[in-house]
Amino acid sequence: MNRDEFIQLSVEYAAGALHGDELTAFEEYLRTAAPQELNELAELVETTSLFPMALDQVTPPPYVRERLLQKIRSSLRAREAVEELSREFSGAKPPSNAPGWKSWMPIGVTFVALAMIVAFAWYVNNLLTTIEKQDRRLVELQNELTRKEELLNVLAAQHVEMVVMRGTPHYPVAYGKIIWDPEKRIAILQVANLPPVPSDKDYQLWVIKSAEGGLPISAGVFAVSSGGSFYFKIEQLAVTDPGEIAAFAVTLEPRGGVPAPTGAMYVAGSPGL
Amino acid sequence: MVFLFAIRPAVTERNEEELRLLERIGRQDQVAFAELYDRYASVVFSLLVRMIRFPAEAEDVLQEIFLQIWKKANTYVQAKGNVYTWIITIARNRAIDHLRATQHPLRGWKMDEDVLLQLQDDTHQSNPLVAAISSDYERFMCEGFATLSPEQRRVIEMSYYEGYTQAQISDHLELPLGTVKTRMRQGMIKLRDFLKERIEK
């Protein structure tokens with residue numbers, strides 16, 4: 001492989017664009033690659049690993065951290081319990097001075113004890129797998145519950161504002177609403193009957209202010225997987241005074257969103273309408 | 001599976017510190033684990049939201065990733081590579097697994113973590129990009145992407161975040177395959193050189 005080919009394949013490898021046989025062949029080549037070649041590839045891999053730093057940084061909700069730590073504490077406790085039980089089993093000592101046929105007793109006892117330990121380990125392993133599956137499901141349900149609680153918290157605020165959005169002529173069956181707490185600038189976006197988003201697109205929510213020349217400001221992107229009703233939480237709505245809002249709108253844009261709307265509008269609404 | 005070369009410590013102080021954190025995590029130190037989480041949860045979550053797009057699903061995957069880090073910390077300490085890159089590689093791989101499992105259309109490619117370790121061999125100690133991450137990197141990366149043409153940026157993002165092959169990108173953007181390859185190469189080289197220059201300054 002000449003240098004030019006190596007650079008091309010390294011670029012594709014680092015960007016995640018190398019697949020199938022090409023990928024296998026390239027990884028095979030790396031087994032015997034020269035240090036300089038590996039260095040060039042490493043630079044490209046490090047470059048792509050920094051890509052996420054250029055994204056708008058999204059902080060995960062605090063409950064994710066809490067649950068993770070809780071899960072770790074539980075697994076440590078379970079492991080300690082298993083270790084404790086294993087110690088108790090292996091600590092059992094057979095009698096040492098038995099006469100006649102009883103001299104086989106220590107071997108028998110050891111064998112039985114070993115068999116019990118193996119059976120117990122197998123049982124515990126199955127049990128831990130089941131617990132892990134149930135834990136995962138529990139985490140999903142807890143996350144879902146927390147998300148719903150967060151939505152209810154917004155609704156429970158003393159002052160909330162709401163704007164109803166209706167389907168545009170482009171997609172009249174869709175509808176949605178924005179409910180927000182102007183004090184905390186937290187909002188809920190509810191949308192329904194939007195078509196599932198294509199793989200290369202995202203829906204993007206826009207705030208259009210009366211001032212600033214009516215230029216739309218992005219309030220975030222989201223995706224829906226089916227035509228049902230979906231809720232999204234918006235952490236920092238770029239609006240402090242409800243009076244400054246002219247409208248909200250949702251458009252379909254290239255995946256990841258764009259600085260200004262370019263795609264078809266699906267729902268839109270203004271305060272008081 | 002690629003065999004590993006001998007791995008020696010990466011050069012930077014911050015990475016040394018993170019390797020010590022991993023070492024403590026390997027000894028089941030929950031405080032160290034919480035510290036590592038606080039350091040990287042946001043950047044990992046941002047990557048997941050970008051790839052998976054459904055924040056609720058991204059939260060579940062984030063938990064799985066950090067559980068994997070908890071379980072595999074010891075293994076990685078022995079390799080002594082770049083902790084940040086390792087975490088991002090795990091995150092992207094898990095996101096691709098999730099997208100496949102949930103039948104999203106993405107056909108992502110996963111980097112073999114052993115290959116990553118090989119690349120972090122001591123032969124790269126002079127490489128400024130094999131370095132710890134500082135807050136400057138966020139700015140560097142944004143500035144770096146701003147130097148790309150929208151076309152170069154699009155093909156790189158479609159590949160890295162969305163898992164398209166170059167042939168699929170070519171079909172999707174209705175471009176000759178050669179043009180896709182050229183844009184990807186020019187964009188990646190430009191980004192790499194920009195970052196190297198900034199970091200070396």
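Labels below follow one simple rule: chain letters A, B, ... track the order of the sequence lines, proteins then strands, and each chain is numbered from 1.
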Neighbour count >12 (heavy atoms, 6.0 Å) for atom OH, A:Y231: no

With no hydrogens and no angle check, is any side-chain donor or acceptor of [X] less than 3.5 Å from a backbone partner on [Y]?
X      : Y     : value
A:R255 : B:M51 : yes
B:S159 : A:A15 : yes
B:Y84  : A:S49 : yes

Would you give the length of the straight line joining atom [atom1] of [X] to atom [atom2] of [Y], rounded to the nearest 0.5 angstrom?
X     : Y      : atom1 : atom2 : result
A:L55 : B:F45  : CG    : CZ    : 12.5 Å
A:I7  : B:I189 : CD1   : CD1   : 5.5 Å
B:L62 : A:R67  : CG    : CZ    : 12.5 Å
A:T47 : B:F194 : OG1   : CZ    : 12.0 Å
B:Y37 : A:L68  : OH    : CG    : 6.5 Å
B:S42 : A:Q57  : OG    : CD    : 6.5 Å

Criterion side chain to side chain contact (heavy atoms under 4.5 Å, CB included) on A:L50 and B:F140, from CA distance to verdict: CA-CA 9 Å; A:L50 292 171; B:F140 292 163; over 6 Å; no

Residue B:E157 versus chain A: region with a heavy atom under 4.5 Å: neither

Validation row: A:I72, B:L67 side chains within 4.5 angstrom (heavy atoms): yes

Flag side-chain contact, heavy atom, 4.5 Å: B:W70 against A:L76: yes

Heavy-atom closest pair, residues B:Y160 and A:A14: CD1-O, 4.3 Å

Test: A:E46 and B:R192 ion pair at under 4.0 Å: no

A:D4 and B:R185 ion-paired at < 4.0 Å: yes

Parallel, tilted or perpendicular: ring planes of A:F51 versus B:Y161, cut at 30 and 60 degrees: tilted

Evaluation steps, side chain to side chain contact (heavy atoms under 4.5 Å, CB included), between A:R65 and B:D38: CA-CA 9 Å; A:R65 184 182 191 275; B:D38 292 340; 2.7 Å; yes

Chain B contact via A:K71 - which portion, at a heavy-atom distance below 4.5 Å: side chain

